[in-house]
Amino acid sequence: MKKTASDPKRDRHIPTKTEQLERARSFRDGTTLTTDQGIPIPHTDDSLRGGTRGPTLLEDFHFREKLTRFDHERIPERVVHARGSGAHGYFQVYESLDELTCADFLCNPGLKTPVFVRFSTVQGPRGSADTVRDVRGFATKFYTAQGNFDLVGNNMPVFFIQDGIKFPDVVHAVKPEPHHEMPTGASAHDTFWDFVSLVPETAHMVMWVMSDRAIPRSYRMMEGFGVHTFKLVNARGDVKLCKFHWKPLLGAHSLVWDEAQVLAGKDPDFHRRDLWEAIDCGHFPEYELGLQVIDEKDELAYGFDLLDPTKLLPEEVVPVRRIGKLTLDRNPDNFFAETEQVAFCVQNLVPGIDVTNDPLLQARLFSYLDTQLTRLGGPNFAELPINRAVAPVHNHQQDGFGQQDVPTMRANYHPNSIDGGCPFLAGMQQGFVHRPQRVEGEKTRVRPESFRDFFTQARMFLESQSPPERAHMVEAFRFEIGKVVRHAIRERVIRMFMNVDVEFALDIARGLGLEDVARRSWAPADPADKKPGATKPSPALSLENQPKTSIKSRVVAILAADGVDADALSGIKGMLAAAGAKGEVIAPHAGSIKAADGSLFPVDKSLLVASSVLYDAVYVPSGAASVAELATHVDAIDFLRQAFRHVKTIGASGDGASLLSASGIPPTPRDGATLPGIVVTSAAADSFAPFIAAMTQHRHWARQARAPR
Ligand code: HDE
C-alpha cells in the first residue's frame with residue numbers, strides 16, 4: 001500500500017522510475033550491454049590484464065561481477081519434484097458453482113482465471129530423464145481475484161503414506177541410496193523396497209507406481225488428482241467434502257516400459273519437449289476439472305475413511321462432475337524465472353475452498369512454505385513475478401532477503417491510527433474464514449482404526465486392470481525387485497503383495513525364482529488387513545477405458561528415401577495434417593529426397609538422428625527404389641522392429657509392405673487373422689483412413705506377445 005510522502009524537503013521533483021528509464025534510453029538504445037548497475041560495457045571478451053600476457057586485475061569490476069553472478073546462478077533444487085516443466089494458461093468454469101462454493105473463480109463462467117501449471121517427476125534431480133517410472137506432479141496455481149489458489153496434485157489419486165511425519169522416510173527410501181547416490185530417477189533399488197516391505201500402507205500406491213500410469217505418454221495425456229479430501233464452502237457457510245480430478249481431453253495414455261527406458265537415453269527431455277512443442281504449434285493441452293462432491297456426514301460411509309490419503313473414491317460410486325476447463329496456451333519465457341522459481345504452497349487457499357484433517361494434508365500445510373524459505377532464499381518469494389498474486393496485496397509483513405517493494409506507509413503494525421487503520425480487515429463475508437469445526441479427543445499419536453485397511457483398494461486397483469495392464473504390472477514388479485540385491489527384501493515384498501492377490505504375487509515370484517519360497521513362507525492373515533474380501537472393480541482405473549477418439553497432436557515417422565512415390569508421401573502427410581497429427585519424413589540422409597516423379601521432399605530427420613521411440617506410429621509409403629534403399633539400412637529395419645515391439649501402429653502402402661517383411665513384421669494376415677495395428681493398403685489416396693483409425697487406439701496390446709526378437 002503506497003502513500004505519498006509529505007516531507008516538504010522531498011517536494012522537489014524526484015523522477016519516477018519510468019522517467020529515469022526514458023532518460024537512460026535517451027543515452028542508449030536500450031539494447032546496450034551493461035553491468036547490473038546499468039554501466040555500459042564496450043568489451044566483454046577479454047579480462048583486464050596487466051600487459052597482454054600478464055595477470056588479470058582485481059580492478060576489473062565487469063569481470064568480477066560477471067563471474068560472481070555466474071557462480072551464484074544455481075538455487076537449491078526442490079527436495080522432491082526437482083525435474084519439471086511448466087506452462088501458462090487459463091481456467092474457465094462451465095457454470096456457476098455458487099451452490100457449492102463462494103470461490104469467485106468457480107462461480108463466474110465469464111471469467112478466464114490465469115494459471116501456471118508445473119508437471120514433474122518426483123525422485124530424480126533436475127537433470128534426470130522425463131520418462132522414468134515414477135509418480136508425476138500436476139501442480140496448478142490459479143491467480144484468482146481473491147488471491148492465489150494452488151492445487152498441488154499428482155497423476156495418481158492416492159499416496160504412499162497416511163501421515164506426513166513419514167514423508168522424510170519414504171522420500172529418503174526412494175531417493176538414491178545414501179552411500180553412492182544411485183540410482184538416479186528410479187525406485188528399483190533396495191532402500192525403496194525395504195521401506196515398502198516394512199510399511200504395508202504403501203501397498204495401494206505401489207500398485208499404481210508399478211502400473212502404466214507411472215510411464216505416461218505425455219503430460220498432456222495423464223490425469224491429475226488432488227489426492228486429499230478437501231472442503232467446499234458456499235456463501236451461507238454450508239460445507240461439502242470434495243475430491244479434485246483433472247481429466248485430459250486427449251485421454252490418458254502410457255508408454256511401454258522398454259520404450260520409456262530407451263527414451264531416457266534417446267531424448268531425456270521427451271515430456272518437456274512434447275509439452276513445449278504442442279503449445280508452440282497451437283495444440284494447447286486441455287484438461288477438465290472434475291469434482292466428486294460428498295456430504296460431510298458420509299466421510300465414513302464408503303467402507304474407508306475419506307481422510308485417509310491411501311484410498312480413492314471410485315468414480316462409479318460417486319461420479320466425477322466436470323465443472324470447467326484448463327487450457328495451457330503459452331510457454332514460459334524463461335525457465336528459471338518461471339518454472340524453477342514458481343513456489344506452490346498447499347496452504348494457498350481462497351475463500352470457498354478449505355482443507356480437512358487428512359494428516360498428510362495437514363503436514364503439507366506446513367511443509368511447502370517452509371521449503372520455499374530455503375529454496376528461494378527467504379520470505380519474499382511471493383513477490384517474484386511468477387508467484388505474485390493478481391489480487392492486490394496489503395499487509396505489514398516486511399523486510400527479509402530480496403524485498404522488491406518499497407513500502408511508503410508509516411505504520412507497519414495493526415491496529416494503527418497513523419495510517420488511518422490501513423489495511424482494514426476484510427470482514428467475514430469477504431475474508432477467508434476457517435469454518436468452525438468441533439475438535440475433541442485425547443492428545444495422542446495413534447493412527448485411527450478407520451485407516452487400518454491396507455490391501456482392499458490395492459486389490460481393487462489390480463482387479464480393475466485389463467489383462468495387458470496386469471501383465472505390465474507383473475513385469476514392472478519383476479524388473480524393480482529384480483534390481484533389489486538383498487534377498488530378504490525380495491521375499492518380504494512378495495509376501496506383502498500376496499496379501500493383495502496371491503496369484504498376482506506368485507506370478508511376480510515366478511520371474512524371480514521365488515515361487516517356492518513364497519508359497520512356503522506366507523501366512524495369509526495379515527493383522528493389518530481388516531477386509532481381505534473382494535472389492536468391486538472400478539473400470540475408470542483402467543487406461544484401456546480411456547477415450548480413444550482422436551490422433552490430434554500425435555507424431556508419425558514416415559520412412560522414405562529417393563524414389564518414393566510422391567502421391568503416397570504427400571497423401572499420408574496431408575491425411576495426418578487433416579486429422580490434427582504430424583508426419584515427419586525420416587530418410588537415410590538429411591536435406592531432401594527426390595521422389596520417383598522428380599519432385600523434392602524435405603527430410604525432417606535422418607535415420608541417424610531419429611528413433612522410433614520418438615514417434616507414435618510409423619508409415620512406409622510405396623516406391624520401389626525408396627523401399628529397396630531403406631532395406632539396406634539397419635537403422636530403418638530396427639526402426640520398424642522397435643515400433644512393432646512397442647505395439648505401435650505400422651502402416652505401409654504398395655511396395656512399402658516389403659520393408660515390413662524385411663523387418664520380420666508380417667504385413668499380411670498371419671494364422672488367418674490380421675495382426676492388430678498393422679495396416680497395409682494400396683497407394684490410393686483414400687486408403688489412409690484405416691491407418692488413422694488404427695492410430696486412435698494408441699497401442700495394440702494384443703500384439704505384444706508376438707514381437708520379433
Ligand atoms: Fe509434495 N512437496 N509433499 N506432495 N509435492 C513438494 O515443495 C510434501 C505430496 C507435490 O511443481 C515440496 O516446493 C510433504 C502429495 C507436487 O513445484 C515439499 C508431503 C502430493 C510438488 C513437499 C507431500 C504432493 C510437491 C518440494 C507429505 C500430491 C511439486 C519442493 C505430507 C497430492 C510442486 C516444493 C512444483 C513438492 C512436501 C506429499 C505433490 C518438500 C511434506 C500427497 C506436485 O514441500
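Numbering starts at 1 and runs along the sequence shown. Order of listing sets the numbers, starting from 1, for every ligand and every atom in it.
Of the candidates Arg272, His271, Arg83, Arg83 is the only one forming a side chain to side chain donor-acceptor pair (under 3.5 Å) with Asp130.
The shortest side-chain heavy-atom distance between Leu328 and Phe284 does not fall under the 4.5 Å cut-off.
Taking atom 11 (O) of ligand 1 as the reference point, the nearest protein heavy-atom neighbour is Arg118 NH1, 2.6 Å. Shortest contact from atom 33 (C) of ligand 1 to any protein heavy atom: Phe344 CD1, 3.9 Å. Scanning the protein heavy atoms around atom 13 (O) of ligand 1, the nearest turns out to be Gln372 NE2, 2.9 Å.
Near Thr371, the atoms of ligand 1 lying under 4.0 angstrom from a non-hydrogen atom of the residue are 7 (O), 13 (O), 30 (C), 34 (C), 40 (C), 44 (O). Residue contact check: Gly164 has heavy atoms under 4.0 Å from atoms 31 (C) of ligand 1.
Atom CD of Glu73 has more than 12 heavy atoms from other residues, nucleotides or ligands within 6.0 Å.
Under the side-chain hydrogen bond (donor to acceptor under 3.5 Å, both in side chains) criterion, the residue pairs touching residues 316-328 are Glu95-Arg321, Glu99-Arg321, Glu286-Lys325, Glu288-Arg322, Glu316-Ser538, with sequence neighbours excluded. Counting only residues at least two apart or on different chains, the salt bridge (charged side-chain N to carboxylate O under 4.0 Å, His left out) pairs with a member in residues 157-168 are Lys166-Asp169.
For atom 1 (Fe) of ligand 1, protein N/O/S neighbours under 2.8 Å (waters excluded) are Tyr368 OH.
The closest approach between a heavy atom of Gly153 and any atom of ligand 1 is below 4.0 Å.
For Lys175, the side-chain contact (heavy atoms from CB on, under 4.5 Å) test picks out Val80, Val171, with sequence neighbours left out.
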